[in-house]
Amino acid sequence: MRKITVEERRARLGTRHHLALPTDSTVTVASDMVGLHSSDPATVFLSARARVTSFQVPDLETSLYEDRSLVRVLGMRRTLWVVPTETTAQIHNSSTVKIAGPELKRLEQMVETAGVADNGADWYRRVSEKTLEAIRARGEGVAAVELTKVVPELRKQFIFHKADGSNAGRAGASTRVLFALASEGRVIRGRPRGSWVSGQYRWATVEAWLGHPIPELPRDLAQAELLGRWLLAFGPATETDIAWWTGWTRTDVRAALAKSGAIEVGTDIGPAYLLADDLDPVSPPAPWVALLPSLDPTTMGWKERGWYLGDHGSRVFDRNGNAGPTIWWAGRIVGGWSQGLGGEVVYRLLEDIGSEATAAVEQEMEALQRWLGGTTVTARFRAPLDRLLAGSEAF
């Protein structure tokens, strides 16, 4: 059995994720990484900046909103991703279609529990069709706030109560209906109303945005294809890693492993999987530094993270497993960064990495400060170190 050392895993990470060897194309990065996390709007831009030479915000905006070689879709683990347009069928049929059923049930229960309608399914069918008609009538970009003006039902608030009658929270109908339609592959997020850090997206029908519906693929084929692409970037990976990243059941994972032709290899934590034609040794690249944003796909890429995270997990991840902004040196996390008072980029190393590496980190900090140009990015999910740094003036 082929044995993959920790050193080789870090070498694969650096080269396959374009951190040690940046490329000149946002589409190449999104393709080679299978997708870039977009649940936090700024993440996808900062992830691209770390991997694309001379990257600027309009580069990604052009790919997303003008030539549409990239698209923002709902995918694995009910999260948003920016993926190459030609892979939407793979993503949708392998992962998103399984979200739709539970999501509709959840929405129907919200409608009935909140007393909006006696039959949640009928309410959704009626309101979703009115919403689609309104989106079609307004072309390729209409915001939720505009939709509520022509579909009054979207203005509803689902208010929930505890057993004692007190308020337990609320959910807006527009948010839930549009999420359900996205899970069904009927609508898609377009350009946001604000800047690149805004999550207030305009909506379009899939047919208007892509020029056609999302093609259907057999689920087992879509899962095998997606897993094969993912292993090329993230392998070797354990069954636990794969189940976590995809959100699939263990049964689905094992079937996809068999269909993809993946084989078992040894690692420091036990059996893992690589594609059968990806067994050649990978030499370590020159030492590299990267400042990755919260929820970056590399930081979030594996469930069993000890080989690159060390004992820093409680500092750079929140309690729900969301990664904050991290500093990487030669294939492992060595610290975290944030923006302090006035938008200044600040950081803290969590271990001694030597003077040469520290100098490289500081140089990259200065480059990021220049690139941000006064924009302040606040992570949607704040890890402990991120919170600490954001509240401090200097280190």
Side-chain angles (χ1 to χ4, degrees), residues 13 17 19 33 36-51 55 57 77 79-82 192 194-199 244-245 288-353 357-358 360-395:
L13 181 156
H17 291 205
L19 294 169
M33 296 289 294
L36 298 176
H37 277 282
S38 189
S39 295
D40 196 330
T43 292
V44 64
F45 289 89
L46 290 168
S47 293
R49 178 206 166 266
R51 297 170 170 87
F55 174 79
V57 167
R77 304 193 312 280
T79 58
L80 280 179
W81 300 80
V82 165
S195 71
W196 59 278
V197 300
S198 171
W244 178 83
W245 187 87
W288 52 272
V289 64
L291 305 182
L292 299 186
S294 62
L295 303 179
D296 184 84
T298 297
T299 315
M300 298 286 290
W302 298 264
K303 179 66 172 178
E304 300 182 285
R305 305 174 175 125
W307 58 278
Y308 66 88
L309 181 59
D311 61 359
H312 305 318
S314 64
R315 308 295 300 280
V316 298
F317 280 80
D318 71 11
R319 292 182 179 180
N320 295 317
N322 299 303
T326 52
I327 301 171
W328 290 68
W329 173 253
R332 58 192 183 89
I333 293 172
V334 297
W337 64 275
S338 186
Q339 284 179 277
L341 301 179
E344 178 190 4
V345 177
V346 291
Y347 76 97
R348 176 172 289 179
L349 294 173
L350 298 175
E351 58 185 82
D352 184 359
I353 58 175
T358 301
V361 169
E362 292 179 348
Q363 183 177 5
E364 183 60 16
M365 286 288 166
E366 293 171 0
L368 176 59
Q369 184 80 67
R370 291 192 299 272
W371 185 87
L372 286 167
T375 299
T376 298
V377 175
T378 302
R380 183 176 177 183
F381 304 103
R382 307 300 297 270
L385 184 56
D386 181 21
R387 288 184 180 277
L388 177 67
L389 292 172
S392 302
E393 294 189 19
F395 290 89

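Values reported hereafter were calculated over all heavy atoms of this structure, with side chains retained and with hydrogens, waters and symmetry mates removed.
Judged by distance alone, the side chain of Thr375 and the main-chain N or O of Leu372 form a donor-acceptor pair under 3.5 Å. Between the side chain of Trp371 and the backbone N or O of Phe55 there is at least one donor-acceptor pair closer than 3.5 Å. Judged by distance alone, with hydrogens and angles left aside, the side-chain atoms of Trp307 form no donor-acceptor pair with the main-chain N or O of Arg332 at under 3.5 Å. Here the side chain of Thr43 pairs no donor or acceptor atom with the backbone of Pro293 at under 3.5 angstrom. The backbone N or O of Ser39 lies less than 3.5 Å from a partner atom in the side chain of Arg380, making a donor-acceptor pair.
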I would like to know whether Leu368 and Leu46 meet side chain to side chain contact (heavy atoms under 4.5 Å, CB included); could you show each step before the answer? CA-CA 9 Å; Leu368 176 59; Leu46 290 168; 4.1 Å; yes
Evaluation steps, side chain to side chain contact (heavy atoms under 4.5 Å, CB included), between Arg51 and Leu19: CA-CA 5 Å; Arg51 297 170 170 87; Leu19 294 169; 3.8 Å; yes
Take Val316 and Thr299 through the side chain to side chain contact (heavy atoms under 4.5 Å, CB included) test and state the conclusion after the steps. CA-CA 10 Å; Val316 298; Thr299 315; 5.9 Å; no
Where do Arg387 and Asp318 land on the salt bridge (Lys or Arg N to Asp or Glu O under 4.0 Å) test, with the steps shown first? CA-CA 10 Å; Arg387 288 184 180 277; Asp318 71 11; over 6 Å; no
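Using a 4.5 Å cut-off on side-chain heavy atoms (C-beta onward), Trp337 and Val361 make no contact. With contacts defined as side-chain heavy-atom distances shorter than 4.5 Å, the pair Thr358/Ile353 qualifies. Looking only at side-chain heavy atoms (C-beta outward), Thr326 and Leu309 stay at 4.5 Å or farther from each other. Side-chain contact check for Met300 versus Phe317: some heavy-atom pair is nearer than 4.5 Å. Residues Asp40 and Asn322 fail the side-chain proximity criterion, which asks for heavy atoms closer than 4.5 Å. Contact annotation: the side chain of Val345 never approaches that of Tyr347 to less than 4.5 Å [non-hydrogen atoms, C-beta and beyond]. Contact check for His312 versus Val334: no side-chain heavy atoms found under the 4.5 Å cut-off. Counting heavy atoms from C-beta outward, Asp296 and His17 have side chains that stay 4.5 Å or more apart.
Separation of atoms CD1 (Ile333) and CG (Leu349) is listed at 13.0 Å; rounding is to 0.5 Å. Between the CG atom of Leu388 and the CZ atom of Arg382 there is a distance of 11.0 Å, given to the nearest 0.5 Å.
In this structure, Arg49 fails the cation-pi test against Trp196, since its NZ or CZ atom is not both closer than 6.0 Å to the six-membered ring centre and inside 45 degrees of the ring normal.
Across Ala360 and Val289, no two heavy atoms sit closer than the pair O-CG1, 3.9 Å. The two atoms that bring Gln369 and Gly343 nearest to each other are NE2-O, 3.3 Å, heavy atoms only. Looking at every heavy atom in both residues, Gln339 comes nearest to Val377 through OE1-N, 2.7 Å. Closest approach of Ser198 and Pro192 over heavy atoms only: O-CB, 3.7 Å. In terms of heavy-atom proximity, Gly336 sits nearest to Ile327 at O-CD1, 3.4 Å. Looking at every heavy atom in both residues, Leu385 comes nearest to Gly335 through CD2-C, 4.3 Å.
Sparse packing is recorded around CD of Gln363, with 12 or fewer heavy atoms of other residues, nucleotides or ligands lying under 6.0 Å away.
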